[in-house]
Number of protein chains: 2
Amino acid sequence: MGHTWLGLMARTPRNTLSADLIVRTALELMEAKGTDAFSLRGVAGELGVGPMALYTYFRNKDDLYDAVRDHLMGLLPAVPSDAPWPDQVRAVCRSLRLLMLQHPCLAQLLAGRPLSGHETARVAEGLLGVLRAAGFDAETAARTHTTLFTYVLGSTSWEIQMAAERRDPEAWRRLRTSMESLSARDFPSVVELAPELARTTGGDEQFDYGLDLLLAGLQLRTPS
Amino acid sequence: MGHTWLGLMARTPRNTLSADLIVRTALELMEAKGTDAFSLRGVAGELGVGPMALYTYFRNKDDLYDAVRDHLMGLLPAVPSDAPWPDQVRAVCRSLRLLMLQHPCLAQLLAGRPLSGHETARVAEGLLGVLRAAGFDAETAARTHTTLFTYVLGSTSWEIQMAAERRDPEAWRRLRTSMESLSARDFPSVVELAPELARTTGGDEQFDYGLDLLLAGLQLRTPS
DNA sequence: ACCTGAACACCGTTCAAGT
DNA sequence: ACCTGAACACCGTTCAAGT
């Protein structure tokens with residue numbers, strides 16, 4: 001299996017496999033075929049090895065998921081150092097959102113697994129450092145970090161989900177008809193605001209709107 | 001298959017199946033074994049029918065997911081009518097969070113599928129109605145609705161995820177050691193705030209903290 | 001250590017058929 | 001309409017074995 005004429009191997013020769021190569025191949029497949037269609041067997045097939053070859057480098061599928069997530073988190077830019085703290089916070093949140101939009105699988109990788117790994121800690125470090133330098137106490141800094149992180153995660157996951165749905169014509173048609181079937185008597189606000197709701201399911205403006213609400217609330221508690 | 005002595009059927013006799021019975025059985029299984037372990041074959045087995053029997057009532061697995069989600073959303077209480085609008089908004093967000101905590105599968109059902117169905121529209125209607133009655137314009141009401149919804153979804157999903165991880169001793173141990181292995185030189189804030197971060201990964205206080213930030217920011221934009 | 005190959009216990013879904 | 005049974009094309013993971 002895997003031999004062609006002249007004895008060329010269709011599979012990768014021995015000792016060319018590595019954790020990094022597997023992670024990059026897994027990421028490619030997730031972005032090409034979607035996170036749900038991703039499988040260990042698919043990665044192994046792409047690399048020309050048996051499924052069990054991957055278990056030399058990763059304990060199981062979740063372990064590979066964590067490695068891909070950490071690989072992506074490593075791509076996050078550093079926090080800008082020369083700016084007022086609200087702008088620094090904005091920059092961190094925006095760059096995390098942008099990374100999620102560029103790599104939609106990251107949303108599922110962050111939501112479905114607990115945080116661990118150095119790259120992920122680096123992100124927390126950046127945000128916590130900004131908040132501490134701004135003068136917030138330990139408890140407020142921690143609470144604010146968790147709030148901002150979950151807001152970015154929730155809003156961007158939703159945005160990605162909706163964008164994927166819009167690309168599937170069948171699902172999009174069913175969503176439209178289900179919206180249009182709502183009676184204006186029972187759902188007056190939903191029917192009236194349907195165009196606005198459709199417009200606000202994603203985009204930079206919508207993300208910044210919620211982020212600005214959080215920052216405005218936070219600035220009311222500014223210590224200095 | 002399914003016959004016992006005396007001819008008693010181990011499977012449900014004909015015409016006792018219904019969409020509602022399937023939804024309730026699916027929900028039970030999701031909550032007993034976890035959402036990930038859920039399968040159509042499992043539901044069919046629990047009901048004593050073949051896997052294909054379910055396809056009479058649901059087009060596919062996603063269709064059943066949507067039905068379970070709508071069933072759960074139907075359990076949400078109505079918006080309190082005699083209260084200032086910030087309290088009404090708080091009530092809607094808190095009751096959605098409570099429902100998600102009581103039925104952890106709801107988090108995945110909301111995050112993984114697009115919104116559709118009357119029960120889900122009912123929730124949007126309640127929140128939008130409150131915001132419109134408070135005097136916000138169409139665009140602001142829609143943006144605020146999406147912001148609040150994604151905040152509740154993100155923060156509560158995260159809370160549920162972390163609580164599940166804490167229950168798994170193996171995963172919990174690995175998360176502790178990965179936290180403790182971080183050097184105080186490279187991650188000063190994370191190491192210093194480790195106890196606060198652990199405390200703020202969930203709970204009513206953490207949820208209300210973020211919700212109050214949003215509401216404080218929103219009240220700065222109050223029209224009247 | 002690194003990788004194979006067969007096997008186990010599963011999946012969702014299609015298709016043809018029975019009542 | 002309602003449900004069965006066999007089959008298809010998959011999964012993740014274990015286990016024993018080879019180099």
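Below, read A as the first sequence line, B as the second, and so on, with proteins coming before strands; counting in each chain starts at 1. Note that the structure is predicted; figures quoted are calculated from it, not measured.
Per the geometry, CD1 belonging to Ile22(B) stands 11 Å off C1' belonging to dC2(D), to the nearest Å. Atom CG of Leu47(A) is separated from atom P of dC3(C) by 10 Å (rounded to the nearest Å). The OH atom of Tyr57(A) sits 6 Å away from the C1' atom of dC2(C) (whole-angstrom rounding).
Note: Tyr65(A) and Phe38(A) meet the aromatic proximity criterion, with ring centroids under 6.0 Å apart.
A salt bridge is defined here as a Lys NZ or Arg NE, NH1 or NH2 lying under 4.0 Å from an Asp or Glu carboxylate O, and Arg97(B) with Asp204(B) meets this definition. With respect to the salt-bridge test (charged N to carboxylate O, under 4.0 angstrom), the residues Glu28(A) and Arg24(A) do not qualify. Taking 4.0 Å as the cut-off between side-chain N and carboxylate O, Arg143(B) and Glu205(A) count as a salt-bridged pair.
The ring pair (Phe, Tyr, Trp, His ring centres under 6.0 Å) check on Phe187(B) picks up His118(A), with sequence neighbours excluded.
Under 3.5 Å, the side chains of Gln206(B) and Thr147(A) contain a donor-acceptor pair of N or O atoms. For the residue pair Thr25(B)/Glu46(B), the side-chain donor-acceptor check at 3.5 Å is not satisfied. Neither side chain, Tyr209(A) nor Thr200(A), offers a donor N or O lying under 3.5 Å from an acceptor on the other.
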Let me check I have this right: for DNA chain D, each base becomes ., (, ), [, ] or |, based on Watson-Crick or G-U pairs with both distances under 3.5 Å. What is the full string?
||.|||||...|||||.||
For nucleotides 9-13 of chain D, print each protein N/O atom paired with a nucleotide N/O atom at under 3.5 Å, atom names and distance only.
residue: dC11(D); atom: OP1; partner: Ser39(A); partner atom: OG; Å: 3.0
residue: dG12(D); atom: OP1; partner: Leu40(A); partner atom: N; Å: 3.0
residue: dG12(D); atom: OP1; partner: Lys61(A); partner atom: NZ; Å: 3.1
residue: dG12(D); atom: OP2; partner: Leu40(A); partner atom: N; Å: 3.3
residue: dG12(D); atom: OP2; partner: Arg41(A); partner atom: N; Å: 3.3
residue: dG12(D); atom: N7; partner: Arg41(A); partner atom: NH1; Å: 2.5
residue: dG12(D); atom: O6; partner: Arg41(A); partner atom: NH1; Å: 2.9
residue: dT13(D); atom: OP2; partner: Tyr55(A); partner atom: OH; Å: 2.8
residue: dT13(D); atom: OP2; partner: Lys61(A); partner atom: N; Å: 3.0
residue: dT13(D); atom: O5'; partner: Tyr55(A); partner atom: OH; Å: 3.3

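Distance noted for atom P between dA9(C) and dA9(D): 23 Å (whole Å).
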